[in-house]
There are 2 protein chains.
Amino acid sequence: MPKVGMEPVRRQQLIDATISSVAEFGLQATTINSISKKAGLSSGIISHYFGGKQGLIEATVRYLLTNLKHELIKQVTPTTTPEQRLMLIIEANFARLQQRSDTTKTWLSFWAQSMHDVQLHRLQNVNSRRLLSNLVSSFKQLMGDDEAKLAAQLCAAMIDGLWLRAVLSKSDQDQFAHCEQLAKNFVCSLIKQYGA
Amino acid sequence: MPKVGMEPVRRQQLIDATISSVAEFGLQATTINSISKKAGLSSGIISHYFGGKQGLIEATVRYLLTNLKHELIKQVTPTTTPEQRLMLIIEANFARLQQRSDTTKTWLSFWAQSMHDVQLHRLQNVNSRRLLSNLVSSFKQLMGDDEAKLAAQLCAAMIDGLWLRAVLSKSDQDQFAHCEQLAKNFVCSLIKQYGA
DNA sequence: TTTTATTAATTGAACGTTCAATAAAAATAA
DNA sequence: TTATTTTTATTGAACGTTCAATTAATAAAA
């Protein structure tokens with residue numbers, strides 16, 4: 001079996017299997033056995049590539065976060081207007097679901113766990129602050145600094161709130177799309193309200 | 001030691017200890033030992049009063065939910081205006097923290113777990129729908145039915161979103177109070193926007 | 001004494017980690 | 001090419017730990 005250069009392949013296999021297992025069973029019931037079984041690999045391989053279960057969990061979170069970041073960056077061009085940029089931010093955040101339906105439950109599990117895990121909390125904070133700073137810089141081009149900060153805070157809360165309630169009520173794709181539209185409309189009303 | 005009529009006392013002791021343990025260690029690391037130790041009781045008592053760990057977990061969630069409900073009901077009087085009622089709803093929801101600082105982490109843990117636990121998901125849904133229906137009925141007295149439904153959805157998302165982001169960033173009491181004020185201002189702007 | 005409340009000890013299953021063994025590919029030598 | 005050695009990738013059984021649940025014993029109250 002052994003071919004050279006399997007490392008990146010195996011790492012991705014295990015990360016995918018982790019997302020799948022956490023989505024299906026929850027973080028609590030996710031074991032190295034449930035992961036390795038889904039990956040079609042042995043349990044020992046986890047320690048070999050990630051140093052242990054905890055290392056794999058963290059790598060999985062990092063993967064989800066960088067994915068979210070790239071999802072946004074790849075869409076933005078020099079000609080993107082502030083309004084368009086705000087819409088793209090919303091789309092990227094709701095696409096946490098659209099691209100893979102099983103990632104939503106995973107996000108929620110990791111958020112909860114981040115309250116009791118220093119490493120995960122650090123990663124979570126980076127992500128949360130990036131969303132806010134992206135929003136602030138976009139709003140600042142449309143209104144005063146103070147208004148922009150307020151608008152960004154409300155917008156971030158609205159995105160997370162709509163997303164959270166959709167996940168918790170096990171919404172389908174259509175309901176998610178509806179929430180995404182609500183978030184966009186909300187941004188428009190913020191611009192109208194505070195816009196210079 | 002044994003006195004008669006200890007059941008309600010012990011039950012509450014164990015529920016309090018569960019909240020405390022989940023807040024400190026997370027749901028994952030909460031064991032019948034960590035709970036019973038915090039309660040100053042033996043681990044066997046959990047099975048005696050709750051049939052097992054799962055029974056205690058569910059009883060704890062039920063306790064938190066009924067508490068939230070009572071928090072709201074006890075404030076509402078026949079003379080409460082719709083605007084006042086909306087403010088009370090927000091206060092009750094943010095008071096999930098104010099009354100006890102360790103309950104916030106507990107809420108988040110239980111939300112995440114509800115994605116993989118049928119019983120918890122049922123309880124969570126009841127609560128989520130009650131918030132929404134409370135909001136809808138209040139808004140309906142201030143605007144048209146369709147506008148009220150929309151306002152309620154946005155308001156529920158804003159409450160949960162602000163609350164979630166405050167919890168995840170480990171905000172202090174002051175920052176929570178600030179978020180509560182943002183939520184109230186948001187309700188006011190909804191009324192101005194859609195109000196008849 | 002009988003009942004009720006509680007503890008402390010015990011059980012067996014499940015967990016993450018470790019590690020010696022193995023199997024296949026790659027590299028080298030013939 | 002073919003044979004041999006070395007490296008890389010992977011396995012799965014064994015180990016020690018931890019957990020929830022159960023059990024028998026104990027202590028106080030009725």
Indicate, with a heavy-atom threshold strictly under 4.0 Å, whether [X] touches base, sugar-phosphate, or nothing.
X: Leu41(B); value: sugar-phosphate
X: Phe50(B); value: nothing
X: Thr31(B); value: sugar-phosphate
X: Gly44(A); value: base
X: Ser36(A); value: nothing

Margin query: For dA9(D) and Arg10(A) - does any side-chain N or O of the residue sit under 4.0 Å from the phosphate oxygens OP1/OP2?
Written below: no

Margin query: Check the phosphate of dT10(D) against Tyr49(A), side-chain N and O only, distance under 4.0 Å to OP1 or OP2. Yes or no?
Written below: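 Looking at the OP1 and OP2 atoms of dT10(D), one of them is under 4.0 Å from a side-chain N or O of Tyr49(A).
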
Take the protein atom [atom1] of [X] and the nucleotide atom [atom2] of [N], then report the distance between them rounded to whole Å.
X: Lys37(B); N: dT7(C); atom1: NZ; atom2: P; result: 15 Å
X: Ile35(B); N: dA21(D); atom1: CD1; atom2: P; result: 10 Å
X: Glu7(B); N: dT3(C); atom1: CD; atom2: P; result: 19 Å
X: Asn33(A); N: dT17(C); atom1: CG; atom2: C1'; result: 12 Å
X: Ile46(A); N: dC19(C); atom1: CD1; atom2: P; result: 17 Å
X: Gln28(B); N: dC19(D); atom1: CD; atom2: C1'; result: 13 Å
X: Gln54(B); N: dC19(D); atom1: CD; atom2: P; result: 17 Å
X: Leu56(B); N: dC19(D); atom1: CG; atom2: P; result: 16 Å

Check: Nearest 0.5 Å, what's the NE2-CG distance between His116(B) and Leu27(A)?
Finding: 8.5 Å

Looking only at the side chain of [X] (C-beta and beyond, no hydrogens), which of the listed nucleotides [options] gets closest?
X: Ile45(B); options: dA9(D), dA21(D), dT7(C); result: dT7(C)
X: Ser47(A); options: dA9(D), dT6(C), dT17(C); result: dT17(C)
X: Ser43(B); options: dT6(C), dA9(C), dC19(D); result: dA9(C)
X: Lys53(B); options: dG16(C), dA20(D), dT10(D); result: dA20(D)

Regarding [X] and [Y], do their side chains bring together a donor and an acceptor under 3.5 Å, going by distance alone?
X: Lys38(A); Y: Ser21(A); value: no
X: Ser137(B); Y: Arg85(B); value: yes
X: Glu71(B); Y: Asn67(B); value: no
X: Thr106(A); Y: Ser109(A); value: no

Notebook entry, point to check: Under the criterion side chain to side chain contact (heavy atoms under 4.5 Å, CB included), which of Asp145(A), Leu154(A), Leu190(A), Leu150(A) is the partner of Phe139(A)?
Noted result: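 Of the listed options, the one satisfying the test is Leu190(A).
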
Note to self: Only pairs with both distances under 3.5 Å count, Watson-Crick or wobble alike; so what is the partner of dA13(C) in this structure?
What the structure shows: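 Base partner found: dT18(D).
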
Report each atom pair, protein N/O against N/O of nucleotides 10-12 of chain C, whose distance is under 3.5 angstrom.
none

Check: Does Glu91(A) come within less than 4.0 Å of Lys184(A), counting only side-chain N to carboxylate O?
Finding: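 Salt bridge between Glu91(A) and Lys184(A), a charged N being under 4.0 Å from a carboxylate O: yes.
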
Notebook entry, point to check: In terms of heavy-atom contacts, does NZ of Lys170(A) have more than 12 from other residues, nucleotides or ligands at under 6.0 Å?
Noted result: yes

